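Right, one structure below, let's go through it.
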Protein chains: 2
Amino acid sequence: MATLRDVAARAGVSASAVSYILRGDTRFQTETVERVRAAARELGYTANLSARILKAGRNGVIGVAVYALEAAQPMRLAAAITREAGERGLRVIVQETANSREGELQALERTTSQFCDGLIFSPAKVSAEEIKSHIGTKPMVWCEDFADEPLFDAVVTPSFEGARDAVRHLIAVGCRRIGILGIGAHEDARNKAVSDADGNSAFRAQRLRGALAALDEAGIEFEPDMAIACPWDFESGREAAHRLAARRTDDRLPVDGLFCLNDALAIGTARGFTDCGVRVPSDVAIIGFDGILEAAYTSPSISTVDIDYDDYARKALDLLVSRIERPSETTAPRRLVANYRLVQRESTAR
Amino acid sequence: MATLRDVAARAGVSASAVSYILRGDTRFQTETVERVRAAARELGYTANLSARILKAGRNGVIGVAVYALEAAQPMRLAAAITREAGERGLRVIVQETANSREGELQALERTTSQFCDGLIFSPAKVSAEEIKSHIGTKPMVWCEDFADEPLFDAVVTPSFEGARDAVRHLIAVGCRRIGILGIGAHEDARNKAVSDADGNSAFRAQRLRGALAALDEAGIEFEPDMAIACPWDFESGREAAHRLAARRTDDRLPVDGLFCLNDALAIGTARGFTDCGVRVPSDVAIIGFDGILEAAYTSPSISTVDIDYDDYARKALDLLVSRIERPSETTAPRRLVANYRLVQRESTAR
DNA sequence: TTGTATGCGTTATCAG
DNA sequence: CTGATAACGCATACAA
């Protein structure tokens, strides 16, 4: 690979001149500028980003750390960030944290952060204080931080509002026995006291709270055992549906409406009900959360709270870029909320 | 962030001693080793990977460049590579090329390659010669290179064999009028002459060839207009189904079996048929290709050729790591084929 | 067994 | 306007 010096030699100038000129410094003679540009083009020169960040602490690369590469929601966000960053002349690299403490620390202090000007990160196992001590001075935007006194800039999904609207929608189409699928194992819906023992799962809690608020305002009594804890994947949804179907009495399910805390759960649940001869939406209406693409192509298609990830990405990059460009500024952490809209599909059409 | 020198100062030794000791050199006194390790731990020292690759050309990071972050198949591969690399003590960063020449060149000569010991890449628009000239000496494994004289090590999916088995399966369940969905715009199924004008889409061509081979061996005449060109996404599948349904005569579709060149197409197609009152599998059987998770949770669930991406990842890393570890060795490019198995689900159950 | 010197490719400072 | 030169953090040959 051609280096700065190779270009300098070919153009007959110094390496520093090449560095300046290629980065757009205007104080050189047009003739010199031309010669250098030509030499760079001919050699196929590209600046080495590792050297650049080592020296300057900046290289135009943004890191994104996600909990899984095989989950639609985080990848939708990563894709939106990549698109939006591209329009701003930034590049993006993505790393998986595998939902593990180990993986999160790796992303924080090694791969992603060391290659990048800043980091967009949604930690699940690592606390804010730990992050503070591991990330150094590198700017970070925290996805889904609902802490009362945030330590970092954050963008959050409207989990409370979205969940509330989802359950309102179930009520509006006639559901009265409403279940909630996918709460954390440590959340006690009975007392509406939601703990956070399962890592930084504050956004789960938010969704539960929003759902309960909608029931409350409609004067619907909530049966605590209608809130089911499980992980957020297809198979967990399917299994939950099987268990619910097994609880039928006189061919009647314990629920007539089900709010799934994410879309993967909703898709799995719909499939599980189909396995058992339960009809969606006539026997039970289902609504999910996220707006992943697949939810529009299942049968029945799944109603959902569609998060506007382009908006999310834009806000995350606004926050991050402002910190990168003004590192000295120490304004208080800000929190922005992404847009969303309720999408009604077949799973609640009745 | 603490540097080598910080650790050295704290431990009262030279920077080079720290470098040696932390990477496991054994020729130091146990007492010194202990002191250095302790100092590193106390300061939370982590080696800077940018500096390391700049100096040594090695940092234990593997780059993966995929055409889309929102597509299940490439992310399944990226996730498998991340898992497998983790077990070998390597880290992975992922970059999106957005299926564009620009994006592919970026990955090649900037982000991914400059941060990594090597690259796993599936180019669509850039030719092998271009890659050769842009990547320098960095090892690369090419995914899905079917060139006659490969320039790089490659891992490929068994596109020919998998497609052949898929169509054999359709035939086995009684299909006789078999359509193929998702061929490239420039492929002429009529002449079985498959061009490659649409970038490096050789694997599309392989799948088509495999399908035609299965028809051939069963003595089934192939109607050229039963091979439909379209992109590989949900919506294209849905639209294709609508168009096929519009061609019904006497309530009979022009096809009774459909091989979709990937699973997203298959899911979209199944949904599209449902829209039009076409029943799957009784009116038309559908089989996809890839084995993405979602295909097991739709209704009907979709039969598919399930590629073993763990095997794929293992083979890709074997190739890449061997090149990284022995850069001088100039053995000819190798090509490995991933395992696969046919998964029968509801969409072909008849 | 340990330390010193050098360089990877870049940017920034300073002198001319 | 341009060019030396010194870092950035690390690894390594070589000296001690």
Side-chain angles (χ1 to χ4, degrees), chain A residues 1-37 39-40 43-61 109-111 113-117 136-138 327, chain B residues 1-37 39-40 43-61 109-111 113-117 136-138 327:
Chain A
M1 285 272 79
T3 74
L4 209 50
R5 270 191 263 279
D6 298 333
V7 178
R10 185 177 187 103
V13 296
S14 74
S16 51
V18 175
S19 174
Y20 283 123
I21 288 170
L22 291 184
R23 282 179 301 130
D25 197 302
T26 51
R27 64 187 167 177
F28 291 81
Q29 286 179 350
T30 11
E31 198 270 329
T32 315
V33 171
E34 276 315 309
R35 220 168 55 236
V36 167
R37 290 229 180 97
L43 293 171
Y45 168 77
T46 323
N48 184 309
L49 297 178
S50 286
R52 183 172 275 178
I53 200 168
L54 190 58
K55 177 63 192 171
R58 288 275 292 276
N59 66 357
V61 179
E109 62 188 18
R110 295 182 71 85
T111 354
S113 91
Q114 288 182 343
F115 296 137
C116 303
D117 297 351
T137 60
K138 198 84 50 164
Chain B
M1 286 271 80
T3 74
L4 208 50
R5 269 190 266 279
D6 299 332
V7 178
R10 185 178 188 104
V13 296
S14 76
S16 57
V18 175
S19 174
Y20 283 124
I21 288 171
L22 291 184
R23 280 175 309 118
D25 196 303
T26 52
R27 64 186 168 179
F28 291 82
Q29 288 178 347
T30 11
E31 198 271 329
T32 316
V33 171
E34 276 316 308
R35 220 169 55 237
V36 167
R37 289 229 180 99
L43 292 172
Y45 169 77
T46 322
N48 184 309
L49 297 178
S50 286
R52 185 172 273 178
I53 199 167
L54 193 57
K55 176 63 191 173
R58 289 277 290 277
N59 65 357
V61 180
E109 62 187 18
R110 296 182 72 83
T111 354
S113 91
Q114 289 182 343
F115 297 137
C116 302
D117 297 350
T137 60
K138 197 84 52 165

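Residue numbering restarts at 1 for every chain, and letters A, B, ... go by the order of the sequence lines. Below, each value reflects all heavy atoms present in this structure, side chains not excepted, and no hydrogens, waters or symmetry copies. Remember, predicted model here, so these are calculated numbers, not experimental data.
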Q) Counting side-chain heavy atoms from CB outward, which of D:dT2, C:dT10, D:dC10 is closest to B:L4? A) D:dC10
Q.
If you only use heavy atoms from C-beta on, which nucleotide in D:dT12, C:dT10, C:dT11 is closest to the side chain of B:R23?
A. D:dT12
Q. Within this structure, what is the CD-to-C1' distance between A:E31 and D:dT2, rounded to whole angstrom?
A. 13 Å
Q) Between B:F28 and A:R52, which has a closest nucleotide on DNA chain C that is more 5'? A) B:F28
Q) Between C:dT10 atom C1' and A:D6 atom CG, what is the distance in whole Å? A) 13 Å
**Q.** Distance in Å, A:R37 CZ paired with A:I21 CD1, rounded so as to fall on 0.5 Å steps
**A.** 8.0 Å
Q. Rounded to whole angstroms, how far apart are NZ on B:K55 and C1' on D:dA7?
A. 15 Å
(Q) I need the B:K55 NZ to B:N48 CG distance, nearest 0.5 Å. (A) 14.5 Å
(Q) So if I take every side-chain heavy atom of B:L54 and compare against D:dC10, C:dG9, D:dA11, which nucleotide ends up nearest? (A) C:dG9
Q) Is there a donor-acceptor pair under 3.5 Å between the side chain of A:N59 and the backbone N or O of A:F115? A) yes
Q. Just how far, in rounded Å, is C1' of C:dT10 from CZ of B:R110?
A. 13 Å
(Q) Rounded to whole Å, how long is the line connecting atom CZ of B:R27 with atom P of C:dT2? (A) 10 Å
Q: Measure from CG on A:D25 to C1' on C:dT11 and round the result to the nearest Å.
A: 12 Å
(Q) Tell me the interatomic distance from A:R5, atom CZ, to D:dA4, atom C1', rounded to whole angstroms. (A) 12 Å
Q) Does a side-chain N or O from B:T32 land closer than 4.0 Å to OP1 or OP2 of C:dT2, or not? A) yes
Q) Under the 3.5 Å rule, do the base of C:dT13 and the side chain of A:Y20 count as making a donor-acceptor pair? A) yes
Q.
So, taking the atom named CD in B:Q29 and the one named CZ in B:R35, what distance separates them when rounded to the nearest 0.5 Å?
A. 9.0 Å
Q: Would you classify A:T46 as touching base, sugar-phosphate or nothing, given that sugar-phosphate means primed atoms plus P, OP1 and OP2, and contacts are heavy atoms under 4.0 Å?
A: sugar-phosphate
Q. When all nucleic acid strands are considered with a 4.0 Å heavy-atom cut-off, which category describes A:A47: base, sugar-phosphate, or nothing?
A. sugar-phosphate
**Q.** Closest to side chain of B:A17, choosing from C:dC8, D:dG3, C:dG3
**A.** C:dG3
Q: Determine the contact category for B:T3: base if any of its heavy atoms lies under 4.0 Å from a base atom, sugar-phosphate if only primed atoms, P, OP1 or OP2 are that close, otherwise nothing.
A: sugar-phosphate
Q. Does A:L49 or B:G12 map to a spot on DNA chain C nearer the 5' end, using the closest nucleotide for each?
A. B:G12
**Q.** B:S14 side-chain N/O to C:dT2 phosphate OP1/OP2 under 4.0 Å
**A.** no
Q: Ignoring hydrogens and angles, answer whether the base of C:dA5 and the side-chain atoms of B:S16 contain a donor-acceptor pair closer than 3.5 Å.
A: no
Q: Could you tell me whether the side chain of B:Q114 and the main chain of A:A51 form a donor-acceptor pair under 3.5 Å?
A: no
Q. Do side-chain atoms of B:E109 reach the backbone of B:G136 as a donor and acceptor pair under 3.5 angstrom?
A. no
**Q.** Donor-acceptor pair under 3.5 Å, A:S50 side chain vs C:dT10 base
**A.** no
Q) Just how far, in rounded Å, is P of D:dC8 from CZ of A:F115? A) 20 Å
